[in-house]
Amino acid sequence: MSDTIYDAIIIGGSFAGLSAALQLGRARRKVLVIDEGLRRNRFASHSHGFITQDGVDPAAIAATARSQVSKYPTVRWLSGRADTVHSIPYGARTAASFEVMVGDTRNLSKTLILAVGLKDILPGIEGLEERWGKSVFHCPYCHGYELNQGQIGVIAGSELSMHQALMLPDWGPTTLIINDAFEPNADHLESLAARGVTVERSAVEAVKGHADVQLADGRTLSFSGLFVLAPFEIGSAIPHQLGLDLEPGPLGSIIKTDPMKETSMPGVYACGDAARAMASVALAVADGNLAGIGAHKSLILGAISHG
Ligand code: FAD
Ligand code: MG
């Protein structure tokens, strides 16, 4: 066990977590960033839509972020998984409020920032998973432009896939493959027609080649890229362990936070994909910036109000 009591332990050292660490490091606060290295976009070799970093390998963006944050002497990095977190019961509290276990190592802190990201739950279609982030995507803003207005396929997962199908014609001629996921009604068909979307009813057998969809009726449709709407889960069980309030959404729940990114548990902040409805690198960075400042303010105000 280390004797250090950190001002903040940040769980998740990707875009959101490092952005929070930057604010706290610049305030000369003692910070421990714990990261397991499973960034959500690790499957993609180019990241788009974040100004100044457009088209850059997301691993390079994360590495630059880490090297910039590492220059602040009060910030420490620990590679590994935070397994459990306990809120230290009031009364037993000295200066530390949280205990974070990484294997057998106990780490103590006054505040906690959860930047644990999300895990995508991909449809179990043969050949899809290995093409995730390469020719199968979920976000048109991230990967639509690079398809160069080629043919785009949307493999439906539910009625929610209507949204993708209606958006994507801005990036290329679009086919919605229903794949038995829902039954389009007259309104659906009318809006799809208005956007020039082709509707394909045969089910999907497998994805092959670059983005070739093999259909159950024996035909193969070739696309420049495919889109699926994947449900997700929060990247760690820690929010559940702590009993934090969640905010349910159509594809999964995220951690509920106030405008300064504090969760339902005082002293616990959350930021990035795990704690906001829209997900991108730019938004994760902005969210982490807020959480870092929020946690820093709580350290000052907490110290004043507790004498
Ligand atoms: P993440 O980047 O997911 O990082 C979470 C970190 O927390 C991980 O390193 C994880 O290992 C760590 N972690 C979780 N639990 C623990 C634990 N218990 N202990 C230690 N560490 C833990 N966005 C764009 O803006 N442009 C794009 O082009 C783009 N392309 C994408 C392509 C794909 C295929 C996908 C899936 C997403 C893409 N995104 C893109 C979205 C982008 O990846 C996310 O918005 C962004 O990664 C969110 O950052 P984050 O810091 O919140 O979470
Ligand atoms: Mg992060």
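Whatever order the structure lists ligands and atoms in, that order sets their numbers, starting from 1. This is a predicted model, so every value here is computed, not measured.
Atoms of ligand 1 found under 4.0 Å from any heavy atom of Arg81 (numbered from 1 in listed order, with element): 17 (C), 18 (N), 19 (N), 20 (C).
Under a 4.0 angstrom heavy-atom cut-off, Gly49 registers as lying outside contact with ligand 1. Look at Pro58 and you'll find every heavy atom at least 4.0 Å from all atoms of ligand 1. Within the structure, ligand 1 lacks Phe50 among the residues with a heavy atom less than 4.0 angstrom away.
Partners of Lys110 according to the side chain to side chain contact (heavy atoms under 4.5 Å, CB included) rule, which considers only residues two or more places apart in sequence or in another chain, are Ile5, Asp7, Ala95, Leu299.
Between Trp171 and His143, a ring centre-to-centre spacing not shorter than 6.0 Å is recorded.
The residue Asp83 has no part lying near ligand 1, judged by heavy-atom distances below 4.0 Å. Only side-chain heavy atoms of Ala284 come within less than 4.0 Å of ligand 1; its backbone N, CA, C and O stay farther off. Of the heavy atoms in Phe15, both backbone and side-chain atoms come closer than 4.0 Å to ligand 1. Residue Leu283 does not touch ligand 1, judged by heavy-atom distances below 4.0 Å. In Ala62, neither the side chain nor the backbone holds a heavy atom less than 4.0 Å from any atom of ligand 1. Looking at Trp132 against ligand 1, only its side chain comes within 4.0 Å, counting heavy atoms.
With no hydrogens or angles considered, a side-chain donor-acceptor pair links Asp212 and Ser222 at under 3.5 Å. Between the side chains of Glu146 and His46, no donor N or O sits under 3.5 Å from an acceptor N or O.
A salt bridge links Arg81 with Glu36; the closest basic N to acidic carboxylate O contact falls under 4.0 Å. Salt-bridge annotation for Glu183 and Arg201: present, with a side-chain N of the basic residue lying under 4.0 Å from a carboxylate O of the acidic one.
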Validation: residues 114-122 side-chain donor-acceptor distances under 3.5 Å, sequence neighbours left out:
| from | atom 1 | to | atom 2 | distance (Å) |
| --- | --- | --- | --- | --- |
| Asp120 | OD1 | Arg40 | NE | 3.3 |
| Asp120 | OD1 | Arg40 | NH2 | 2.6 |
| Asp120 | OD2 | Arg40 | NE | 2.9 |

